[in-house]
Amino acid sequence: MTTGIASNLETVRQRIIAAAQASGREPGSVRLIAVSKGKPAADIQAALAAGQNIFGENRVQEAKSKFSELRAVSPGLELHLIGPLQTNKAVEAVRVFDVIQTLDRPRLADALAAAIKKTGRNPLCFIEINSGEEPQKAGIAPREFEGFLAYCRSLGLNIDGVMCIPPAKGDAAPHFMRMKEVAERHGLTHVSMGMSHDFETAIRHGATEVRVGTAIFGARP
Ligand SMILES: *Cc1c(COP(=O)(O)O)cnc(C)c1O
């Protein structure tokens with residue numbers, strides 16, 4: 001259903017503008033990441049044709065196979081990894097992605113540092129924080145953030161943001177507030193938070209990147 005994508009995108013863009021303005025922010029300070037995981041290349045092409053050029057994917061292999069051709073014809077395209085990354089895929093991830101949002105443990109930092117050395121590519125990285133301290137979720141524990149940030153920087157990683165997925169239940173606002181606070185305290189530019197169901201709340205609390213899939217591309221199988 002590629003036909004609905006352009007109008008869905010327009011609706012999401014308008015909602016982003018409205019949410020930004022309602023909290024006294026510049027609409028241009030919020031970047032929309034279209035999450036195309038599980039969706040075919042045709043859907044991505046429809047979004048590109050509608051002026052969207054930042055995309056998020058969860059898996060290295062899927063992103064590589066869908067985006068390598070699209071990249072060749074869309075020079076402005078920017079690709080973010082938003083799913084968990086295994087250390088043995090670090091080299092591939094560094095080659096495929098412009099931004100890695102899910103840096104969440106020392107061993108992965110080591111693997112990325114080695115991958116950067118090997119490939120000569122140095123993608124921007126965000127540190128994923130497990131803001132709700134949920135055992136089943138990825139992300140560094142909030143109390144370990146500061147030490148982890150220092151470690152990543154000592155390896156030469158290009159860290160300039162945080163990312164979180166708050167608990168599915170309950171109010172996300174306190175999590176979003178804490179993320180913004182952490183970013184500000186450490187001088188980090190990017191705060192990636194907010195999905196289809198809560199991106200307006202995230203914008204109200206200072207998100208600079210919102211990751212929206214379903215509201216643009218429809219439900220995933
Ligand atoms: C799938 C996913 C999204 C997009 O979720 P929607 O609810 O479809 O907007 C955002 N962030 C992450 C990390 C995801 O895995």
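When a ligand or atom number is given, it counts from 1 through the structure's own listing order.
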I'd like to check which ligand 1 atoms, numbered from 1 as shown, lie under 4.0 Å from a non-hydrogen atom of [X].
X    : answer
N58  : 15 (O)
V212 : 9 (O)
G213 : 4 (C), 6 (P), 8 (O), 9 (O)
R211 : 4 (C), 9 (O), 10 (C), 11 (N), 12 (C), 13 (C)
T214 : 6 (P), 7 (O), 8 (O), 9 (O)
I165 : 13 (C)

Quiz item: At a 4.0 Å cut-off, with the gap strictly under it, does some heavy atom of R220 reach an atom of ligand 1?
Solution: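 Yes, that is the case, since the closest heavy atom of the residue is under 4.0 Å from the ligand.
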Inspect the surroundings of [atom1] in [X] and state if more than 12 heavy atoms from other residues, nucleotides or ligands are less than 6.0 Å away.
X    : atom1 : value
R107 : CZ    : no
Q14  : CD    : yes
E146 : CD    : no

How far is [atom] from the closest protein heavy atom, and which atom is that?
atom                    : value
atom 15 (O) of ligand 1 : K37 NZ, 2.7 Å
atom 9 (O) of ligand 1  : S196 OG, 2.5 Å
atom 5 (O) of ligand 1  : M195 CE, 3.5 Å

Practice problem: Considering only NZ, NE, NH1 and NH2 on the basic side and carboxylate oxygens on the acidic side, decide whether K37 and E62 come within less than 4.0 Å. | Solution: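 Looking at K37 and E62, the cut-off is not met.
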Quiz item: Any donor and acceptor pair, going by atom type alone, linking the side chain of K66 with main-chain N or O of S36 inside 3.5 Å?
Solution: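 Checked: pair present.
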Exercise. Measure from the side-chain N and O atoms of S23 to the backbone N and O of A19, and report whether any donor-acceptor pair falls under 3.5 Å.
Key: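 Yes, S23 side chain to A19 backbone: donor-acceptor pair under 3.5 Å.
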Quiz prompt | Nearest heavy-atom neighbours spanning R71 and V96 | solution =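 Residues R71 and V96, closest heavy atoms: NH2-O, 2.9 Å.
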Practice problem: Could you check which of L81, V210, I82, I33 puts a non-hydrogen atom nearest to atom 12 (C) of ligand 1? | Solution: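 The residue whose heavy atom sits nearest atom 12 (C) of ligand 1 is I82.
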Practice problem: With side chain to side chain donor-acceptor pair (under 3.5 Å) as the test, would you mind laying out the steps for T102 and E128 before giving the verdict? | Solution: CA-CA 5 Å; T102 49; E128 181 176 1; 4.9 Å; no
